[in-house]
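When reading the values below, keep in mind they use all heavy atoms of this one structure, side chains included, and skip hydrogens, waters and symmetry mates.
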Amino acid sequence: MTRNVARFLILLRKMRRRMPQVDVLRVWIVAVLIGIAAAYAVIGFRYAIDGVSMFAFGATEASMTSGASSLSPWRAWAAPVLGGLVVSAMLYLAEKFSWLPGGRGQAVADVIEARAVAGGRVSLRAGLAAAAVSAVSLGAGGSAGREGPAVHLGATIASILNRKLGFNAKQRRALLGCGAAAAVSASFNAPIAGVLFALEVILGNYALSVFGPIAAASVSAAIVTRIHLGNFPAFAPPEYGAISNIDVPLAALLGIICGLISSGFLLSTEKLTVSVREFAQKRNISYLLLPPIGGFIIGAIGIFYPEVFGVGYEAVTKALNGDYAIPLLVMLVVMKCAATAVTLSCRFGGGVFSPGLVIGAFIGAAFGAALGQLLPGVTASPVYYAMIGMGAASGAILGAPISTTLIVFELTGEYGITISLMVAVAIATLITQYICGRSFFHWQLSRRGYDLSEGPQGIILKTTRVRDVMEAMPPGSPLAPDADRLETRQSLGDALARLNDAEEHGLPVVNAENRDQIVGYLSRVKALAAYNKALIEDNIEHHT
């Protein structure tokens, strides 16, 4: 009997030692499932955009520019206006049923927020509603990208499996990255870029423990996409001729230009968004009127410049083929920036990566064509600089130079531009960060009260609440009206500042609803201990 008990205990110890390995295997298996499911979701999302686009312009999203050009002006103008009305109705219903709080679409910034604040959780209803709003927005001609909503959709799928299978917070964040990587991989047929996008933008670290599952999800998504849509790059640029030594410094100059224009785009979008919101509040205008107003403006631009409609990949192909003259390319840069700023500020759904690619392609093509006239036969063709501009502008706007560089490689299948592209992307990103101080995603998050540029310590201080670390107490005597106190919903950073200002070792905690009734107590020692513990856990997660 004693021997059997001993054997049983030994077996239990062996099983306990193997539990971490079983857990890792479970994460890998779920990562592959996320990759497959996200790929099918992205394919369905693209078909939904095509369905709306066929109704609106008589052409799929891939040929929206040609479709809009063949329509009468009033019909091309009416498409985004009617699309705006549909988007307004969808936002109203989504807010009424609490699917999209605040009546706005969701994209990459919401996934970053879920990773940093919500423990890797994304609402299923919000994910489906945001995808539907974005499909209508992009199919009706809204000037935005499909990759942002696709990333949110992939993160939604990951979050569903997270909830069903009971993963811990660290695993939930890793699997959230798997969903984002799979979505990027499926959208661009770019599995390597999908991995680096998830690590660089969503998770903000390159820990070895998350690299494997994210790679598995990204590769799985790419395989599914290639089975159904084929294995070829999104763009097939023509030959760009020989590259000389002068092309690298000229690419650096192009990086400066892209950085300045990207900064202007970000600042104007931010200013317009804030101005539209303040104007609507002062005039008591419902946000539901913003999408049709935005559609009116986008349609008016699109009558003359149909290249601004939708994702814009057809326009990129034409720019790579040299179909646009320099004056038109310059005008298209201005109009695409304006149409995208209006789209994003008027609550259409969509992301900014595709607009960044389009704007960069126009800038690079114009730059290369100008060089061809000034230095004939000396520099590479405009195609070369158009591809570099794609990476420089989009990398600067997203604040993701590494993954953006690889996306351009995988989109075009051209690796001969490696040195020039990296130089241009680095310079453009540096200039944009210097002028704007943050990427588009971090600007969106700052409007919601989260400054992730401060690093993990800032996130911990802003997202940890007093109720999470206080010592609960039974109801006691009411506090004196002039006594110092903390509220349960205050952040840990606010609590530490209050303790420092009051020069107290600890303070009683109350609820916002009843500021006289004590519900807990928070000491300075316990607050600092909770902060230090969270920092240590975050450091372990980021480096293992």
Side-chain angles (χ1 to χ4, degrees), residues 45-46 49-50 52-54 56-57 59-71 76 79-80 83 107 134-150 187-188 233-237 258 261-262 265 269 294-295 297-324 328-344 348-366 383 386-387 389-395 397-398 404 407-408 411-412 440:
F45 179 61
R46 292 177 63 172
I49 296 173
D50 284 344
V52 177
S53 179
M54 285 295 298
F57 295 100
T60 63
E61 179 269 320
S63 56
M64 187 178 291
T65 298
S66 299
S69 300
S70 65
L71 299 176
S134 296
V136 173
S137 299
L138 298 173
S143 179
R146 65 171 181 246
E147 291 72 32
S187 296
F188 292 117
F235 306 111
C258 287
I261 295 176
S262 298
F265 168 73
T269 301
I297 299 172
I298 296 166
I301 297 173
I303 289 175
F304 303 99
Y305 303 99
E307 290 83 0
V308 305
F309 284 138
V311 175
Y313 284 175
E314 184 185 6
V316 171
T317 300
K318 290 186 175 182
L320 291 173
N321 291 330
D323 293 347
Y324 300 127
L328 179 56
L329 286 169
V330 173
M331 186 59 68
L332 286 176
V333 171
V334 176
M335 291 298 124
K336 186 64 177 180
C337 288
T340 304
V342 170
T343 298
L344 299 175
F348 278 94
V352 293
F353 187 82
S354 292
L357 287 175
V358 176
I359 292 168
F362 292 156
I363 297 171
V383 179
M387 291 187 290
M390 289 166 63
S394 56
I397 291 170
L398 268 68
T404 301
I407 286 175
V408 172
L411 278 176
T412 61
F440 180 78

Pairwise distance [atom1]([X]) to [atom2]([Y]) - rounded to 0.5 angstrom:
X	Y	atom1	atom2	result
Met64	Asp50	CE	CG	8.0 Å
Ile261	Ile363	CD1	CD1	3.5 Å
Phe265	Ile397	CZ	CD1	5.0 Å

Those residues that, when tested against [X], pass ring-ring contact (aromatic ring centres under 6.0 Å, His included) (two or more places apart):
X	value
Tyr324	none
Phe362	none
Phe440	Trp443

Less than 4.5 Å apart, side chain to side chain, heavy atoms only: is that true for [X] and [Y]?
X	Y	value
Thr340	Thr269	no
Ser187	Phe45	no
Leu357	Tyr313	yes

>> Once you measure the plane-to-plane angle for Phe353 and Phe188, does it fall in the parallel (<30°), tilted (30-60°) or perpendicular (>60°) bin?
In response: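 The arrangement is perpendicular - the two ring planes meet at more than 60°.
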In a table with atom names and distances, give each donor-acceptor pair under 3.5 Å that connects a side chain of residues 329-339 to protein atoms at least two apart or in another chain.
residue	atom	partner	partner atom	Å
Lys336	NZ	Ser143	OG	2.9
Lys336	NZ	Val308	O	3.2
Lys336	NZ	Gly310	O	3.2

Heavy atoms only: give me the nearest [X]-[Y] pair and the separation to one decimal.
X	Y	answer
Ser354	Gly145	CB-CA, 3.6 Å
Val316	Ala361	CG1-CB, 4.1 Å
Ala68	Phe57	CB-CD2, 3.8 Å
Gly350	Ala107	O-CB, 4.3 Å
Ala56	Gly139	CB-O, 3.8 Å
Gly83	Ala140	CA-CB, 3.7 Å

>> If the condition is salt bridge (Lys or Arg N to Asp or Glu O under 4.0 Å), which residues does Glu147 pass it with, not counting sequence neighbours?
In response: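 Per chain and number, Glu147 pairs via salt bridge (Lys or Arg N to Asp or Glu O under 4.0 Å) with no residue.
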>> Working note: Tyr305 + Leu328, criterion side chain to side chain contact (heavy atoms under 4.5 Å, CB included); need CA distance, chi angles, decisive distance, verdict.
In response: CA-CA 9 Å; Tyr305 303 99; Leu328 179 56; 3.9 Å; yes
> Within the side chain of Ser262, is there an N or O that forms a donor-acceptor pair under 3.5 Å with the backbone of Cys258?
Replying inline: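 The answer is yes, because a donor-acceptor pair under 3.5 Å joins these two groups.
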> With sequence neighbours excluded, what pairs up with Ser70 under the side chain to side chain donor-acceptor pair (under 3.5 Å) test?
Replying inline: none
>> Can you tell whether the side chains of Glu61 and Arg146 come within less than 4.0 Å, N to carboxylate O?
In response: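 Here Glu61 pairs with Arg146 in a salt bridge, since their nearest N and O are under 4.0 Å apart.
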